[in-house]
Participant: 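Starting off with a structure, shown below.
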Amino acid sequence: MDTSSVFGFMDFLIIIAGAYVVYAWYLLKFKGEIKEGVLVPQGWARRCKDLDGYRDFISTKLLVLAGAAFISGGICLYSDYVKKVSMYVYLGVTAAFFLVLVWFIVVTKKAQKLFFYN
């Protein structure tokens with residue numbers, strides 16, 4: 001396996017993760033189910049104090065994370081297999097995705113404190 005195929009596989013996994021986040025958003029938004037493991041730790045879904053408030057608070061943020069995953073994975077896959085993009089673009093997109101990921105982790109921790117029983 002050469003370097004581009006390893007990075008291509010990782011970029012593909014990022015796109016799959018984005019699709020899984022969209023699935024978690026769908027379950028939360030339309031079925032009222034909290035996807036454990038993505039949004040909260042295992043066993044926490046039944047500890048929610050205010051499902052409607054939680055849904056309003058986190059649903060848009062889920063779509064931002066999914067969009068960042070799709071954009072980052074797509075641009076990086078394009079660079080790996082179609083046409084190389086600038087190293088600065090590649091690193092910038094990757095850094096932006098990780099910043100969004102860290103932001104999402106902070107937001108979910110805040111949501112856990114606001115909307116779940118300890």
Side-chain angles (χ1 to χ4, degrees):
M1 230 181 204
D2 65 347
T3 309
S4 69
S5 62
V6 171
F7 285 120
F9 180 69
M10 290 179 4
D11 296 331
F12 181 70
L13 288 178
I14 290 172
I15 290 174
I16 296 297
Y20 192 66
V21 169
V22 170
Y23 173 67
W25 170 81
Y26 169 78
L27 287 178
L28 181 65
K29 191 73 172 173
F30 295 106
K31 297 203 174 199
E33 298 176 24
I34 298 172
K35 188 69 178 155
E36 293 179 338
V38 175
L39 299 173
V40 293
Q42 294 292 331
W44 275 50
R46 61 184 174 273
R47 299 164 100 185
C48 187
K49 296 187 274 189
D50 179 15
L51 182 61
D52 292 331
Y54 180 71
R55 180 182 359 202
D56 293 340
F57 182 82
I58 205 79
S59 63
T60 304
K61 295 161 181 73
L62 273 168
L63 290 179
V64 169
L65 177 63
F70 286 135
I71 290 169
S72 173
I75 289 174
C76 293
L77 271 177
Y78 177 81
S79 178
D80 289 336
Y81 292 111
V82 179
K83 182 182 177 198
K84 294 285 184 198
V85 297
S86 166
M87 177 185 69
Y88 299 114
V89 172
Y90 191 91
L91 292 177
V93 168
T94 303
F97 170 69
F98 283 114
L99 286 174
V100 169
L101 186 61
V102 169
W103 165 78
F104 185 76
I105 291 168
V106 170
V107 166
T108 56
K109 292 296 180 185
K110 180 180 177 183
Q112 287 174 5
K113 289 178 184 175
L114 290 173
F115 297 103
F116 290 86
Y117 296 110
N118 292 332

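Fair warning: this is a prediction, and the values are worked out from it, not measured in the lab.
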Participant: Under 4.5 Å between side-chain heavy atoms, counting indirect links through other Ile/Leu/Val/Met/Phe/Trp/Tyr residues: same cluster for F70 and Y20 or not?
Facilitator: no
Participant: Show the numbers, then the answer: is there a side chain to side chain contact (heavy atoms under 4.5 Å, CB included) between L62 and V22?
Facilitator: CA-CA 7 Å; L62 273 168; V22 170; over 6 Å; no
Participant: What distance separates E33 CD from L28 CG, expressed to the nearest 0.5 Å?
Facilitator: 9.5 Å
Participant: In Å and rounded to the nearest 0.5 Å, what is the CG to CZ distance from L114 to F57?
Facilitator: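 Nearest 0.5 Å value for the CG-CZ distance: 6.0 Å.
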Participant: Centre of Y78's six-membered ring, under 6.0 Å away, within 45 degrees of the axis: is that where NZ or CZ of K83 sits?
Facilitator: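 Negative - K83 is either too far from the ring of Y78 or too far off its axis.
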Participant: Where do S79 and K84 come nearest, in terms of heavy atoms and distance?
Facilitator: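 Residues S79 and K84, closest heavy atoms: O-CD, 3.4 Å.
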Participant: Working to the nearest 0.5 angstrom, can you tell me the gap between Y26 OH and K31 NZ?
Facilitator: 4.5 Å
Participant: Does one hydrophobic cluster hold both W44 and F104, with members joined at side-chain heavy-atom distances below 4.5 Å?
Facilitator: yes
Participant: Scan residues 101-118 for pairs that pass salt bridge (Lys or Arg N to Asp or Glu O under 4.0 Å), counting only residues two or more places apart or in two chains.
Facilitator: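 Applying salt bridge (Lys or Arg N to Asp or Glu O under 4.0 Å) to every pair that reaches into residues 101-118, excluding sequence neighbours, yields nothing.
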Participant: Tell me which pairs pass side-chain hydrogen bond (donor to acceptor under 3.5 Å, both in side chains) where either residue lies in residues 52-72, with sequence neighbours left out.
Facilitator: D52-R55
Participant: So which atom in G18 and which in A69 form the shortest heavy-atom distance, rounded to 0.1 Å?
Facilitator: CA-CB, 3.7 Å
Participant: Are L65 and W25 packed together at the side-chain level, in the sense that at least one heavy-atom pair is separated by less than 4.5 angstrom?
Facilitator: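 Not in contact.
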Participant: Donor-acceptor check, side chain of D50 to backbone of F115, threshold 3.5 angstrom: yes or no?
Facilitator: no
Participant: Applying a strict under-4.5 Å side-chain criterion to I, L, V, M, F, W and Y, I'd like to know whether I71 and I16 cluster together.
Facilitator: no
Participant: Take I14 and F97, measure what side chain to side chain contact (heavy atoms under 4.5 Å, CB included) needs, and give me the verdict at the end.
Facilitator: CA-CA 10 Å; I14 290 172; F97 170 69; 4.0 Å; yes
Participant: Hey, what do you get for CD1 (I34) to CD1 (I58), rounding to the nearest 0.5 Å?
Facilitator: 10.0 Å
Participant: Counting C-beta onward and ignoring hydrogens, is there a side-chain heavy-atom pair between F116 and K49 closer than 4.5 Å?
Facilitator: no
Participant: Give the intermediate values and the outcome of side chain to side chain contact (heavy atoms under 4.5 Å, CB included) for residues Q112 and V40.
Facilitator: CA-CA 7 Å; Q112 287 174 5; V40 293; 4.2 Å; yes
Participant: I would like to know whether C76 and F7 meet side chain to side chain contact (heavy atoms under 4.5 Å, CB included); could you show each step before the answer?
Facilitator: CA-CA 8 Å; C76 293; F7 285 120; over 6 Å; no
Participant: Verify the cluster assignment for Y81 and I15: are they in a single hydrophobic cluster under the rule of side-chain heavy atoms below 4.5 Å apart?
Facilitator: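 Yes, because Y81 and I15 connect within a single hydrophobic cluster, where side-chain heavy atoms sit under 4.5 Å apart.
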Participant: Would you say V106 ends up clustered with V38 if hydrophobic residues are merged whenever their side chains have heavy atoms under 4.5 Å apart, either directly or through other cluster members?
Facilitator: no
